[in-house]
Asks: 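The following block contains the structure, expressed as structure tokens.
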Amino acid sequence: MLILGIDTSCDETAAAVVRDETTVLSNVISSQGIHHEYGGVVPELASRAHLTLLLPAVESALRQAACGLEDLDALAVTYGPGLAGCLLIGLSTVKSIALALDKPLVGVNHIEGHVFAGRLADAGLDPPFIALIVSGGHTQLVHVEDWGDYRMLGNTRDDAAGEAFDKVARLMRIGYPGGPIIDRLARNGDPAFLDFPRTYLDLDGFEFSFSGLKTSVRTYLSKRSEEEVDRDQAHISAAFQEAVVDVLVDKSISAALSVHARSILITGGVACNSRLRARMTEKGAEKGLGVVYPPPILCTDNGAMIAAAGAFHFSRGRRDDHTLSVHPRARLAVAGGAA
Ligand code: KG4
Ligand code: ZN
């Protein structure tokens with residue numbers, strides 16, 4: 001079975017070919033550097049860039065997988081959540097190819113795609129498990145009762161974890177995207193340099209909030225000179241990162257214990273964070289929980305995860321038709337796959 005997967009939900013133009021839910025043949029990601037100068041994703045610029053980058057990405061994914069469009073069994077594409085104009089470029093392109101070549105089409109929920117990155121990374125990852133999906137747009141704790149069967153445990157009430165990294169990096173004027181920069185700087189910093197607030201909201205619940213932490217960093221920075229901030233960059237980064245990581249780790253572990261899951265998957269762009277990976281692995285081991293995190297290329301937005309989720313649904317008979325539309329605010333269904 002050969003499945004092409006396409007994701008254009010945000011600022012990565014991604015195309016990939018998988019053989020099945022666990023085997024990646026190619027995974028091409030064209031990052032749109034154009035957003036760096038704005039310190040965030042500009043939706044209109046992103047959709048225009050998808051328009052020019054998508055077909056070359058598809059061609060190179062097919063070339064690397066040593067196959068042609070005619071060899072494909074199905075085409076999988078993200079229909080949501082994401083930026084409407086961006087999603088439309090991917091969906092219209094895939095619909096045109098499917099129609100022209102008379103190939104089946106499978107729409108994939110982007111969040112479910114991030115969960116399937118775990119399947120690609122570790123074929124031994126077996127439900128039930130807890131998935132922490134942390135990216136620039138999402139912070140969600142999901143109970144994966146089975147592949148295709150999800151229960152949402154908690155979401156962020158305001159900023160996503162990655163958004164907090166990006167906003168704090170902008171406040172510190174250290175560049176965009178902020179996550180990888182803060183991660184790198186924090187390696188030489190002291191996490192105990194400052195005690196930024198950890199927002200747990202309801203202690204027994206699984207909802208997140210990061211806007212208070214961001215405000216606290218802003219207030220701290222406003223009282224310091226530029227020279228002081230530059231001098232203490234590493235310490236401030238480490239202290240901020242520790243506050244985010246503490247909450248993500250504590251809530252994920254208690255979610256896993258509350259549903260008697262055996263393991264935790266961390267996925268999405270923020271799952272590249274070295275401190276989050278290390279702390280989750282350490283705390284998980286203390287509680288007898290396995291921790292899985294995909295390699296960075298499968299954590300950030302990519303086409304392979306969409307193709308893998310598409311392969312799963314395709315092999316169980318799902319087909320979408322040409323009335324499929326984009327759903328910018330799509331949620332993960334309670335059961336039975338994407339909604
Ligand atoms: O999954 P992704 O590529 O796109 C979205 O769906 O949002 O995630 C991008 C986010 C950005 O906010 C970026 O700052 C964050 O992931 N990120 C990181 C790291 N690498 C990427 N955050 C913390 N530490 C990292 N090493
Ligand atoms: Zn994503």
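Just so it is clear, the values below take in all heavy atoms, side chains as well, and ignore hydrogens, waters and symmetry mates. Note that ligands are numbered from 1 as they come in the structure, with each ligand's atoms numbered from 1 the same way.
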Asks: Would you mind running through ligand 1 and noting each atom that sits below 4.0 Å from a heavy atom of G136?
Replies: 5 (C), 7 (O), 8 (O), 9 (C), 10 (C), 12 (O)
Asks: I'd like to know whether NZ of K103 has more than 12 heavy-atom contacts from other residues, nucleotides or ligands below 6.0 angstrom.
Replies: yes
Asks: Do T78 and D7 have side-chain N/O donor and acceptor atoms under 3.5 Å apart?
Replies: yes
Asks: Between ligand 1 and H138, is the shortest N or O to N or O distance under 3.5 Å?
Replies: no
Asks: For a quick check under 3.5 Å, do E112 and H313 share a side-chain donor-acceptor pair by atom type?
Replies: yes
Asks: Here's a test for you: under side-chain contact (heavy atoms from CB on, under 4.5 Å), which of V24, N27, I297 qualifies with N302?
Replies: N27
Asks: May I ask you to list the atoms of ligand 1 that are less than 4.0 angstrom from any heavy atom of G162?
Replies: 12 (O)
Asks: Compute the minimum heavy-atom distance from P180 to ligand 1 and say whether it is under 4.0 Å.
Replies: yes
Asks: Ignoring water, what protein N, O or S atoms are under 2.8 Å from the Zn ion (ligand 2)?
Replies: H110 NE2, H114 NE2, D301 OD1
Asks: I need the atoms of ligand 1 closer than 4.0 Å to a non-hydrogen atom of T300, numbered in the order shown.
Replies: 1 (O), 3 (O)
Asks: Would you mind running through ligand 1 and noting each atom that sits below 4.0 Å from a heavy atom of P177?
Replies: 14 (O)
Asks: Could you tell me whether R48 and E44 have a side-chain N and a carboxylate O separated by less than 4.0 Å?
Replies: yes
Asks: Relative to the heavy atoms of C272, which atoms of ligand 1 are at a distance of less than 4.0 Å?
Replies: 20 (N), 26 (N)
Asks: Under 4.0 Å from a heavy atom of G137: which atoms of ligand 1 are those, numbered in the order shown and with their elements?
Replies: 7 (O)
Asks: Is it true that atom CZ of R277 has more than 12 heavy atoms of other residues, nucleotides or ligands lying nearer than 6.0 Å?
Replies: yes
Asks: So F165 and F240, ring pair (Phe, Tyr, Trp, His ring centres under 6.0 Å) or not? Walk me through it.
Replies: CA-CA 9 Å; F165 272 94; F240 158 76; 5.1 Å; yes
Asks: Evaluate D166 for polar contact with ligand 1, using N/O atom pairs at a separation under 3.5 Å.
Replies: yes
Asks: Tell me which part of V270 gets within contact of ligand 1: side chain, backbone, both or neither, using heavy atoms under 4.0 Å.
Replies: both
Asks: Check for me whether H114 has a heavy atom closer than 4.0 Å to any atom of ligand 1.
Replies: yes
Asks: So, D301 and H110: side-chain donor and acceptor under 3.5 Å apart, yes or no?
Replies: yes
Asks: Of all the non-hydrogen atoms in the protein, which one sits nearest to atom 21 (C) of ligand 1, and at what distance?
Replies: G269 O, 3.3 Å
Asks: Working to the nearest 0.5 Å, report the span between CD1 of I6 and CD1 of I97.
Replies: 5.5 Å
Asks: Going by distance only, is there an N or O of G179 that falls short of 3.5 Å from an N or O of ligand 1?
Replies: yes
Asks: For R316, is the CZ atom crowded, meaning more than 12 foreign heavy atoms sit under 6.0 Å from it?
Replies: yes
